[in-house]
Amino acid sequence: MATTPRGAFTGRPCRSCGTRIRARLYLCATCWDRLPANSRRALSHRGPTAMRRLRALYDRIDEGWPLEEITIT
């Protein structure tokens with residue numbers, strides 16, 4: 001029986017564009033690159049507020065904000 005390689009596509013869609021993304025990623029690479037650098041940096045930090053920042057990102061995407069205008073601190 002073959003196992004799924006680490007980082008394989010899981011079929012989970014990108015929250016922004018619907019493209020399938022790898023495990024442990026918030027967005028597909030194209031959408032991630034469209035976020036402002038400060039937002040990408042904030043989302044990359046681990047710690048007690050990481051889930052709050054991720055929820056803020058997903059809330060803004062669901063509200064229809066353009067990725068280039070999303071600011072996460």
Side-chain angles (χ1 to χ4, degrees):
M1 171 183 250
T3 61
T4 304
R6 185 175 186 177
F9 288 100
T10 62
R12 186 170 58 92
C14 170
R15 190 80 165 238
S16 180
C17 70
T19 302
R20 289 175 24 163
I21 60 175
R22 291 185 300 155
R24 294 184 236 160
L25 295 181
Y26 300 143
L27 301 170
C28 69
T30 303
C31 292
W32 181 258
D33 289 341
R34 289 177 51 203
L35 286 172
N38 289 341
S39 294
R40 289 194 311 264
R41 195 172 304 113
L43 288 162
S44 296
H45 289 217
R46 295 180 180 163
T49 59
M51 287 305 296
R52 181 188 55 80
R53 290 189 296 266
L54 179 59
R55 277 193 301 270
L57 170 67
Y58 285 162
D59 287 345
R60 290 180 182 135
I61 289 172
D62 292 343
E63 290 169 4
W65 287 48
L67 292 174
E68 295 81 6
E69 295 178 13
I70 294 177
T71 303
I72 304 294
T73 55

inquiry  = Evaluate Thr30 against Thr19 for side-chain contact (heavy atoms from CB on, under 4.5 Å), listing each step before the verdict.
reply    = CA-CA 10 Å; Thr30 303; Thr19 302; over 6 Å; no

Contact summary for His45 and Ala50, nearest pair of heavy atoms = O-CB, 3.8 Å

query = Between Arg40 and Asp33, is there a side-chain N and carboxylate O pair less than 4.0 Å apart?
reply = no

key: Closest approach of Arg12 to Arg24 (non-hydrogen atoms, all atoms of both residues)   = NH2-N, 4.2 Å

ask   = How many angstroms lie between CG in Leu27 and CD1 in Ile61, if you round to the nearest 0.5 Å?
value = 4.5 Å

request  = Calculate, to the nearest 0.5 Å, the distance between atoms OG and CZ belonging to Ser16 and Arg60 respectively.
outcome  = 14.0 Å

remark   = Across all chains, not counting sequence neighbours, the side chain to side chain contact (heavy atoms under 4.5 Å, CB included) partners of Arg55 are Met51, Arg52

ask   = Any side-chain heavy atom of Arg15 within less than 4.5 Å of one from Asp62?
value = yes

For residues 65-73, please give each side-chain donor-acceptor pair under 3.5 Å, one per line with the distance, not counting sequence neighbours.
{"residue": "Trp65", "atom": "NE1", "partner": "Glu63", "partner atom": "OE1", "Å": "3.1"}
{"residue": "Glu68", "atom": "OE2", "partner": "Arg34", "partner atom": "NE", "Å": "2.8"}
{"residue": "Glu68", "atom": "OE2", "partner": "Arg34", "partner atom": "NH2", "Å": "3.4"}

ask   = Going only through I, L, V, M, F, W and Y residues with side-chain contacts under 4.5 Å, is there a path from Leu43 to Ile21?
value = no

Side chain to side chain donor-acceptor pair (under 3.5 Å) against Asp59, all qualifying residues, sequence neighbours excluded = none

inquiry  = Could you tell me if the side chain of Leu25 sits less than 4.5 Å from the side chain of Trp32, heavy atoms only?
reply    = no

inquiry  = If I compare all heavy atoms of Gly18 with all of Pro13, which pair ends up nearest, and what's the gap?
reply    = O-CB, 3.7 Å

